Amino acid sequence: MADIELANVSKSFGNVQVIDNLSLTVNSGELVVFLGPSGSGKSTLLRMIAGLETIDRGTLTIGGRRSEHLAPGQRGVAMVFQNYALYPHMTVRENMAFGLHNIGMPADEIERRVQDAARILEMGELLERRPSELSGGQRQRVAIGRAIVKVPKAFLFDEPLSNLDAALRARTRVELAELHQRIKATMIYVTHDQTEAMTLADRIVVLNDRKIEQIGTPMEVYLKPASRFVAGFVGSPGMNFVRADISGGDRAIARLGDGTSMPLYLDNPVSGSYELGIRPEGIRVVDPGKRNAATIRAKAGVVERLGERTLVYCTLKDGTEVIAQDSGRSDVSPGDDVDLDFDPSAVHLFDQSGQAYHARN
């Protein structure tokens, strides 16, 4: 295991800058997820660590060793790709052992490593099968096993579950989490799927437009997003955004476009025009008899029943659309007038630059 440190790294393809003066440390034994939309630079950053892309400026240190000028095979990392890239004519055992044979490792050491990897991945009964005889999840485990036998300093995963169906992705995601708990290896995992990031990561690195927007634990990123981008990207469904005029300092009043006012208790006093952000679970559908001065009247549109909860897509009087949450047994129907309560402790404000201001806990 090893720390991985990137210091002021930049990368361009021609005139297009894809990584701009980025610094990051991944601690030994940590599972860090690079999360971001397509084009945010997350896969390029991973490939720079692996040595598959050059670093134009800045330094890379792996396990205390300067590595930006080393060939990929000298960096002590193993990469697992979205495409399994297994040899179809080889058995699982032969696929896992192939790279070790190429470097002239003794046969008994190769067999020991293959058996160890098969035990860790619980796939000993698959060693004599060929890829055509395996499911997609089993093929991905073989690709991971091929990385494990190298005994690398760190594992690099580039969207490894993208080719799997939804149910298999969920199962394999759990297997990856269990694998990390067993071997305690340094892992970097790239995805655009925020569910994978939230369930796998010790820390999430949210990337956008060539730079890091936020680094934090999954719940830090979810509960206290550093920017408007993070607030909208992390969460399913995403955060609601409503225009609001703020006045009154730390005990502020937010006035929405439909004329409704609500109290806010902020970490930092602000005033002026802001976007008010609140997640669906922060807006509750309430019984008409429980209305208060801050209750907002809205019109229900789509009603999404998810079992344990119901999401109600609502339109406020000024035309603003928000998603509210009701109980799993909700009796709301499309077209109903509904009353909504906003939880002041769940509110975030975003200024014109996208900087976040949070409600006081």
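In this text the structure is predicted, and so the values were computed from the model without any measurement.
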Classify the side-chain pair Glu196/Tyr189 by whether it contains a donor and acceptor separated by less than 3.5 Å. yes
Please find out if less than 6.0 Å separates the ring center of Phe98 from that of Tyr87. yes
Are Leu156 and Val190 connected in the hydrophobic side-chain network, where two residues link if heavy atoms are under 4.5 Å apart? yes
Under the rule for side-chain hydrogen bond (donor to acceptor under 3.5 Å, both in side chains), what residues qualify as partners of Ser38, not counting sequence neighbours? none
N/O donor-acceptor pair under 3.5 Å between Thr199 side chain and Thr195 backbone: yes
In the structure I gave you, are the side-chain heavy atoms of Met239 and His348 within less than 4.5 Å of one another anywhere? yes
Short question: side chain of Gln140, backbone of Pro160 - any donor-acceptor pair under 3.5 Å? yes
Does Asp193 have any salt bridge (Lys or Arg N to Asp or Glu O under 4.0 Å) partners at least two apart in sequence or in another chain, and if so, which? Arg169
Which residues pass the side-chain hydrogen bond (donor to acceptor under 3.5 Å, both in side chains) test with Thr25, not counting sequence neighbours? none
Would you say the side chain of Ser330 lies within less than 4.5 Å of the side chain of Arg305, judging by non-hydrogen atoms? yes
Is there any side-chain hydrogen bond (donor to acceptor under 3.5 Å, both in side chains) pair reaching into residues 230-245, and which pairs are they, with sequence neighbours excluded? Arg243-Ser273
Residues Asn95 and Pro131: closest non-hydrogen pair is ND2-CG, 4.1 Å
Ignoring hydrogens and geometry, is there a side-chain-to-backbone donor-acceptor pair from Arg130 to His89 under 3.5 Å? yes
Side chains of Thr191 and Glu159: any donor to acceptor distance under 3.5 Å? no
Check whether Leu46 and Phe81 end up in the same hydrophobic cluster, where Ile, Leu, Val, Met, Phe, Trp and Tyr are linked by side-chain heavy atoms less than 4.5 Å apart. yes
Does the cation-pi check pass for Arg279 over Tyr222, that is, NZ or CZ under 6.0 Å from the six-membered ring centre and within 45° of its axis? yes
Evaluation steps, side-chain contact (heavy atoms from CB on, under 4.5 Å), between Met187 and Glu30: CA-CA 6 Å; Met187 295 183 177; Glu30 189 175 29; over 6 Å; no
Criterion side chain to side chain contact (heavy atoms under 4.5 Å, CB included) against Asp339, the qualifying member of Val286, Ile296, Val285: Val286
Is the closest side-chain donor-acceptor distance between Arg210 and Gln17 under 3.5 Å? no
Give a yes or no answer on whether the side chain of Gln138 reaches the backbone of Ser135 with a donor-acceptor pair at less than 3.5 Å. yes
State which residues pass side-chain contact (heavy atoms from CB on, under 4.5 Å) with Ser353; sequence neighbours excluded, sorted by chain then number. Asp351, Gln355
Provide the closest heavy-atom pair for Ser28 versus Thr186 in the form atom of the first, atom of the second, distance. CA-OG1, 3.4 Å
Would you say Phe241 and Thr320 make side-chain contact, with heavy atoms under 4.5 Å? no
Taking the side chain as C-beta and beyond, is there a heavy-atom pair between Pro218 and Ile204 under 4.5 Å? yes
Hey, what do you get for OG (Ser23) to NZ (Lys211), rounding to the nearest 0.5 Å? 14.5 Å
Taking salt bridge (Lys or Arg N to Asp or Glu O under 4.0 Å) as the test, write out the residues that go with Glu109, two or more places apart. Arg112, Arg113
Check the pair Glu220 / Arg203 against salt bridge (charged side-chain N to carboxylate O under 4.0 Å, His left out), numbers first and verdict last. CA-CA 9 Å; Glu220 286 171 347; Arg203 286 190 300 155; over 6 Å; no
Phe34 with Met198, same ILVMFWY side-chain cluster at under 4.5 Å: no
Pairing donors with acceptors under 3.5 angstrom, does anything connect the side chains of Thr91 and Glu128? no
What's the separation between atom CE in Met105 and atom CG in Asp108, rounded to the nearest 0.5 Å? 10.0 Å
If I compare all heavy atoms of Val9 with all of Thr59, which pair ends up nearest, and what's the gap? CG1-O, 3.5 Å
Might you work through the side-chain contact (heavy atoms from CB on, under 4.5 Å) test for Met123 and Val142, ending with a clear yes or no? CA-CA 8 Å; Met123 50 185 284; Val142 176; 3.5 Å; yes
Please enumerate all residues that pass ring-ring contact (aromatic ring centres under 6.0 Å, His included) together with His180, with sequence neighbours excluded. none
For the residue pair Thr172 / Arg141, report whether a side-chain donor-acceptor contact shorter than 3.5 Å exists. no
When clusters are formed from ILVMFWY side-chain contacts under 4.5 Å, directly or step by step, what else is grouped with Leu311? Val302, Leu306, Tyr313, Ile323
When rounded to the nearest 0.5 angstrom, what distance separates CG in Leu127 from CD in Glu94? 10.5 Å
For Pro344 and Ala359, the nearest pair of non-hydrogen atoms, with its separation, is O-CB, 3.3 Å
May I ask you to test the Val32-Val205 pair for a side-chain heavy-atom distance under 4.5 Å? yes
Compute whether any side-chain donor of one residue and acceptor of the other, for Asp341 and Thr295, lie under 3.5 angstrom apart. yes
Whether over 12 other heavy atoms sit under 6.0 Å from Arg182 CZ: yes
All heavy atoms of Ala324 vs all of Leu340, minimum pair found to be CB-CD2, 3.8 Å
Atom pair CD1 (Ile253) and OG (Ser261), whose distance is rounded to the nearest 0.5 Å: 6.5 Å
Could I get the full list of salt bridge (Lys or Arg N to Asp or Glu O under 4.0 Å) partners for Glu308, not counting sequence neighbours? none
Can you get from Phe157 to Leu45 by hopping between Ile, Leu, Val, Met, Phe, Trp and Tyr side chains that sit under 4.5 Å apart? no
What distance separates Arg47 CZ from Ser43 OG, expressed to the nearest 0.5 Å? 8.0 Å
Among the clusters formed by ILVMFWY side chains lying less than 4.5 Å apart, do Phe350 and Phe233 turn up in the same one? no
Please lay out, stage by stage, how Ile144 and Leu121 fare under the test side-chain contact (heavy atoms from CB on, under 4.5 Å). CA-CA 9 Å; Ile144 295 170; Leu121 295 169; 4.1 Å; yes
Quick one: list whatever passes side-chain contact (heavy atoms from CB on, under 4.5 Å) with Glu321, sequence neighbours left out. Thr315
Checking Thr54 against Lys11: is there a side-chain donor and acceptor pair closer than 3.5 Å? yes
Just by distance, no angles: are the side chains of Asn21 and Asn8 close enough, under 3.5 Å, to form a donor-acceptor pair? yes
Contacts of Arg173 that satisfy salt bridge (Lys or Arg N to Asp or Glu O under 4.0 Å) - sequence neighbours left out: none
Donor-acceptor pair, Lys224 side chain versus Val221 backbone, under 3.5 Å? no
Taking only residues two or more places apart in sequence, or in another chain, which ones meet Asp337 in a side-chain hydrogen bond (donor to acceptor under 3.5 Å, both in side chains)? Lys299
Please name the pair of heavy atoms, one in Leu35 and one in Ala197, separated by the smallest distance, quoted to 0.1 Å. CD2-CB, 3.9 Å
